[in-house]
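Step one of this worksheet: look at the structure below.
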Amino acid sequence: MVNINMMEYNFRSIEEKWQKYWREEKIYSASNTSNLPKYYVLDMFPYPSGSGLHVGHPLGYIASDIISRYKRNKGFNVLHPMGFDSFGLPAEQYAIKTGQHPKITTENNITRFKEQLDKLGLSYDWDREIKTSDSNYYKWTQWIFLKLYNSFFDVEKKKARCISELVIPDKLTNDEKVRFTDSKRLAYIDTIDVNWCEGLGTVLANEEVIGGLSERGGFPVIRKPMKQWVMRITDYADRLLEDLEDLDWPESIKLSQKNWIGKSSGAEISFYVDKENSIDVFTTRPDTIYGATYLVIAPEHPILDSIVTKDKKQLINDYRKVSSSKSDLERQENQKNKTGVFTGAYAVNPMTDKTIPIWISDYVLYGYGTGAIMAVPAHDERDYEFAKKFNLEIIKVIKSKDEFYSGAGEIINSGKYNGIESDEFKEIVSDFLEQTNKGKKTTNYKLRDWIFTRQRYWGEPIPILHSEEGTTGLEDHDLPLELPEVDSYLPTDDGLSPLARNIEWKSVTLKGKKYIRETNTMPQWAGSCWYYLRFLDPQNNLNFASEENINYWMPVDLYIGGAEHAVLHLLYSRFWHKVLYDLGYVNTKEPFKKLVNQGMILGNSAYIFRKTDQSGYVSSELKKQYDTQKILVDIKYVNERNELDIESLKKDNKQYNESTFEFAKSFIVEREVEKMSKSKYNVVNPDDICEKYGTDTLRMYEMFLGPLEQSKPWNTAGISGIHNFLKKFWKLYFDSNKLIVENSKPDDKSLKSLHRCIKKVSDDIESFSFNTAVSTLMITVNDLTAQRCRSREILEPLLIVLSPFAPHIAEEIWEKIGNNRSIVLSKYPKYNESYLLDSTKTYPVSINGKLRYKIELRTDLNKEEIEKEILSDKDFLKKLEGKTPKRIIIVPGKIINFVI
RNA sequence: GCUGAAGUGGUGGAAUUGGUAGACACGUUGGACUUAAAAUCCAAUGGAUAGUAAUAUCCGUGCGGGUUCAAGUCCCGCCUUCAGUACCA
């Protein structure tokens, strides 16, 4: 029999043992009532996709877990929950294909996700798990929707109030009163041009459209007028902008949100066409008004019909037809080659009283500002291009060398105002126009109201009933409004949501009155807008969370997630939170105090080269000899030296069976760093890494790879360094068959190593420098191994420092040396306090009993050592020649520099 | 185009307020142990030149300048890469 050494570092049994213990004893369940200070650490919860986790996903989870464990060790009551954003498109698309209910797909995926997460030894409080597709969760999503429906924005007080407090003008008829009320609601119905995505069969929010294509799937998006539920997020634009200031968020995210809100102040100016018609334009540069040589209005602008001259009607209508059929993507292609048509009409510049032509062009967007602009070709790049192309007049009104200039400066060609600075002139023009009723100062936002409906099945039903008199919200006691069963998950033939297929469900009779249910569902963002609140009190049936729990836990102290949610999720949840705040349901203005974005872990795809004549494959170094195409191969057939295992490849993939493989010494593939994804065959599964090296190794290695915020490629080869470290650590305290921990006093050297480690690791954790923290732990263990230090007095605090990174091995040793958790926590409450020498003190030092210098220390040398250092450097003493230096910089063994 | 972040060995990456550049790890090379391999341990490892050697000298943080006793770090001007954004008046 093989003699199994029982004291080897057996990570499998250790990890199994402790994960079971944590689960069964509910070690990480957080108490809602505690005298300890609270700390709420939240991960952006995942959508449970079918492909499971790859090594990139856990990065943020491990980081938040390290913080959670660290804060617990420091005496905080930590809330660290996890859940699933389980409504979403992939499950629905799978359902359309297979007929399987999305609920089943989703449940299966969640089970898989939880298994994988569990293996990572994350300290979640699973008692608080939530799923957005559970009816006892979306009951409250619907409840919040109704709060928005039943509220309006008080412009005076700049906050949301209950709709019953809305002042309705008395003179209105009953019908008009209803319409007036509806028009003020925070959730309202509007017919607007929406982003219609034929490929997905649904409407998308502006935020979900990137460059004219859908964010998911990359299908083309066109504009189409439709009736939609819309959220009045624009009312909150100012507050969403202002409150960014106080948040401890990455500057880049704050900036994206600022840009998205896109606040710009300027003036709205009226240009009269004739007695009845005037065109309002928005401009941020009223100071250039003397240079406005024409107007441009958007093709959709309603005033067009009443101003176009007869002879131009046909041309204009043709242009409108073409531009309305264009997708956003096609419109953008015109950026370099602008199109437009003259309307035949003229308007009067209110400052100069000059008559200028009116054009239409799709470079002016109907959705922004007033849908019309005054064109100042000399000082606006787009107007300049347009004027050049159509040969329109260009007048310079700000002094500059170039024909085109967009900056500020001295005003010219502006009548009696010449010589004034443009900033000052801006005010003068605005004031003049305001006084003469020809314009006013205004502010414009890029932010649009949030289109909230989706023509889909797998989402929260909107709790609204329609009747001839208008809309009615469901009562609280009718919630949740459960998703009905349908016979097909496709939209109906007439473009309605799949819910409309269930005719029985759709029609309701209440108190003898007939209603039709709203059949659209909410977008995926709805559930994630407020989930951080439900974690505080997930079982509560009376409220979305109790007031006490909200007051105790909010705000989220640390929120970790990917930067891809910079605008979408983070802006929407801030908006909902502010509404809840206004209505008195939450106690903080902002939900997330500190935000950290983890970087992406990239994959290392492998490519081989197929000869274009289909005669076989060649390796990377031979590709230049032939005409070839790049072909992806699964990285599981490639080893660390980039060699392809042709045998296995052929065995698993029949299409290669007959092919020839040409190579020099061995078949080398070409590597490329890309996003990790199934379709690139470059996915590394964390389960495999855990199986081979253990979870503690995976956790430490992911942190060791580089700075948390940075994107970096995964490289399995480097993992042995971390694994060796853990083995070394284990071996330091376990001889071949017994534990060796000494009770003797540690020597100074070991103490110094320990305390340097404590200080550095704590500082690193606080500043999210997990990679250097891991390095420090390695250095410390190397030191202790060299010093053969096995003192209990060193080991105990060291285990606490290690435990956030490698919790399993720390617990195991902890248990073996016979101590218990509660004693440790009280014994070392301030374990980050170090008694290392302060390294930058100023010491007076005398040399030869005569000179007295003030020495700035760069090291932890003591006074005697410094004097010795100076006296041994004869060159230095010679240079001094009796002068007194102001400053001397010394490092061990050398005087680096001095200032006399 | 605009905005933001970043360019350091063969690789991932360290470097407090400007103060011994390359910590820590991977890889590579050599050695020990072993019949052998694996595992483990030890040593060397930015480049160049000189020397048997210890060692010495010079050059080195994308490029070109500048400030300073001292610059990866600060200032000016470029180049490159990545990310976000895109006719927002």
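Since the model is a prediction, treat every value here as computed from it, not as a measurement. Reckoned from all heavy atoms, side chains included, excluding hydrogens, waters and symmetry mates. Each chain gets a letter, A, B and so on, in the order its sequence line appears, and its residues count up from 1.
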Can you measure [X] atom [atom1] to [N] atom [atom2] for me and round it to whole angstrom units?
{"X": "A/Ile261", "N": "B/G84", "atom1": "CD1", "atom2": "C1'", "value": "16 Å"}
{"X": "A/Ile269", "N": "B/A89", "atom1": "CD1", "atom2": "C1'", "value": "11 Å"}
{"X": "A/Met778", "N": "B/G13", "atom1": "CE", "atom2": "C1'", "value": "12 Å"}
{"X": "A/Asp764", "N": "B/U16", "atom1": "CG", "atom2": "C1'", "value": "11 Å"}
{"X": "A/Phe734", "N": "B/U40", "atom1": "CZ", "atom2": "P", "value": "18 Å"}
{"X": "A/Ile358", "N": "B/A89", "atom1": "CD1", "atom2": "P", "value": "22 Å"}
{"X": "A/Lys254", "N": "B/G84", "atom1": "NZ", "atom2": "C1'", "value": "18 Å"}
{"X": "A/Tyr701", "N": "B/A25", "atom1": "OH", "atom2": "C1'", "value": "9 Å"}

May I ask you to verify if any side-chain N or O of [X] is less than 4.0 angstrom from the OP1 or OP2 atom of [N]?
{"X": "A/Tyr368", "N": "B/A89", "result": "yes"}
{"X": "A/Asn771", "N": "B/G12", "result": "no"}
{"X": "A/Asn782", "N": "B/A25", "result": "yes"}
{"X": "A/Ser264", "N": "B/A89", "result": "yes"}
{"X": "A/Lys727", "N": "B/U40", "result": "yes"}

What's the gap between [N] and [M] when it is taken at their [atom1] atoms, as a whole Å value?
{"N": "B/G46", "M": "B/A14", "atom1": "C1'", "answer": "15 Å"}
{"N": "B/A43", "M": "B/A23", "atom1": "P", "answer": "15 Å"}
{"N": "B/G27", "M": "B/G84", "atom1": "C1'", "answer": "35 Å"}
{"N": "B/C76", "M": "B/U81", "atom1": "P", "answer": "23 Å"}
{"N": "B/C79", "M": "B/G62", "atom1": "C1'", "answer": "7 Å"}
{"N": "B/A15", "M": "B/U67", "atom1": "P", "answer": "29 Å"}
{"N": "B/A25", "M": "B/C58", "atom1": "C1'", "answer": "30 Å"}
{"N": "B/U28", "M": "B/U11", "atom1": "C1'", "answer": "11 Å"}

Inset, instruction - Return the 5'-most residue of the pair A/Gly718, A/Ser711 with respect to RNA chain B, ranking by each residue's nearest nucleotide. - result: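 Its nearest nucleotide being more 5', the pick is A/Ser711.
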Inset, instruction - Could you pick out which residue, A/Asn724 or A/Pro713, lies toward the 5' side of RNA chain B when each is mapped onto its nearest nucleotide? - result: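 Its nearest nucleotide lies further toward 5', so the answer is A/Pro713.
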Inset, instruction - Give a yes or no answer on whether the side chain of A/Asp280 reaches the backbone of A/Thr370 with a donor-acceptor pair at less than 3.5 Å. - result: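 No; zero donor-acceptor contacts below 3.5 Å.
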Legend entry - Main-chain N/O of A/Glu300 paired to A/Arg320 side chain as donor or acceptor, under 3.5 Å: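 Not at all, since once roles are kept as given, no pair shorter than 3.5 Å links the two residues.
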Inset, instruction - Give one of base, sugar-phosphate or nothing for A/Ser256, where a contact means two heavy atoms less than 4.0 Å apart. - result: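 No contact at all - A/Ser256 keeps every heavy atom at 4.0 Å or more from the nucleic acid.
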Inset, instruction - Give one of base, sugar-phosphate or nothing for A/Thr776, where a contact means two heavy atoms less than 4.0 Å apart. - result: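 Counting heavy atoms under 4.0 Å across all strands, no contact is made by A/Thr776.
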Nearest to the side chain of [X], heavy atoms from C-beta on, is which of [options]?
{"X": "A/Ile373", "options": "B/C24, B/A89, B/G12", "answer": "B/A89"}
{"X": "A/Trp260", "options": "B/A86, B/G13, B/C41", "answer": "B/A86"}
{"X": "A/Leu365", "options": "B/C24, B/A86, B/A89", "answer": "B/A89"}
{"X": "A/Gln710", "options": "B/A15, B/C24, B/G13", "answer": "B/G13"}
{"X": "A/Ser720", "options": "B/C41, B/C24, B/C26", "answer": "B/C26"}
{"X": "A/Thr772", "options": "B/C24, B/A14, B/A89", "answer": "B/A14"}

Inset, instruction - Please assess A/Arg756 against A/Ile779 for the test side chain to side chain contact (heavy atoms under 4.5 Å, CB included), listing each intermediate value before the final yes or no. - result: CA-CA 10 Å; A/Arg756 188 185 290 133; A/Ile779 294 167; 5.7 Å; no
Legend entry - Check: A/Phe386 ring centroid to A/Tyr363 ring centroid under 6.0 Å: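 When the ring centroids of A/Phe386 and A/Tyr363 are compared, they turn out to be within the sub-6.0 Å range.
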Legend entry - Aromatic ring proximity A/Tyr384/A/His379, centre distance under 6.0 Å: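 Centroid distance A/Tyr384-A/His379: not below 6.0 Å, so no.
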Inset, instruction - Give the C-alpha distance, both sets of side-chain angles, the deciding distance and a yes or no for side chain to side chain contact (heavy atoms under 4.5 Å, CB included) between A/Leu754 and A/Asp783. - result: CA-CA 9 Å; A/Leu754 170 70; A/Asp783 282 357; over 6 Å; no
Base partner of [N], which must satisfy Watson-Crick or wobble distances under 3.5 Å:
{"N": "B/G1", "result": "B/U85"}
{"N": "B/G9", "result": "none"}
{"N": "B/C63", "result": "B/G77"}
{"N": "B/U45", "result": "B/G27"}
{"N": "B/G19", "result": "B/C69"}
{"N": "B/G51", "result": "none"}

Legend entry - Worked check of side chain to side chain contact (heavy atoms under 4.5 Å, CB included) between A/Ile560 and A/Gln598: CA-CA 7 Å; A/Ile560 297 190; A/Gln598 89 274 13; 3.9 Å; yes
Are there any protein N/O atoms within less than 3.5 Å of an N/O atom in nucleotides 2-11 of chain B, and if so, which ones and at what distance?
none

Legend entry - Anti/syn call for B/G9, syn if |chi| within 90°: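 Nucleotide B/G9 adopts syn.
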Legend entry - Full working for side chain to side chain donor-acceptor pair (under 3.5 Å) between A/Asp238 and A/Tyr445: CA-CA 9 Å; A/Asp238 268 326; A/Tyr445 300 90; 2.8 Å; yes
Legend entry - Straight-line distance of A/Lys396 NZ to A/Glu403 CD, nearest 0.5 Å: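 Taking NZ in A/Lys396 and CD in A/Glu403, the distance rounds to 8.0 Å.
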Inset, instruction - Just jot down the side-chain hydrogen bond (donor to acceptor under 3.5 Å, both in side chains) partners of A/Thr772, sequence neighbours excluded, or say none. - result: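 Partners of A/Thr772 under the side-chain hydrogen bond (donor to acceptor under 3.5 Å, both in side chains) test: A/Asp764.
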Inset, instruction - Indicate yes or no: does A/Lys258 engage A/Glu251 in a salt bridge with an N to O separation below 4.0 Å. - result: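 Here A/Lys258 does not pair with A/Glu251 in a salt bridge, since their nearest N and O are not under 4.0 Å apart.
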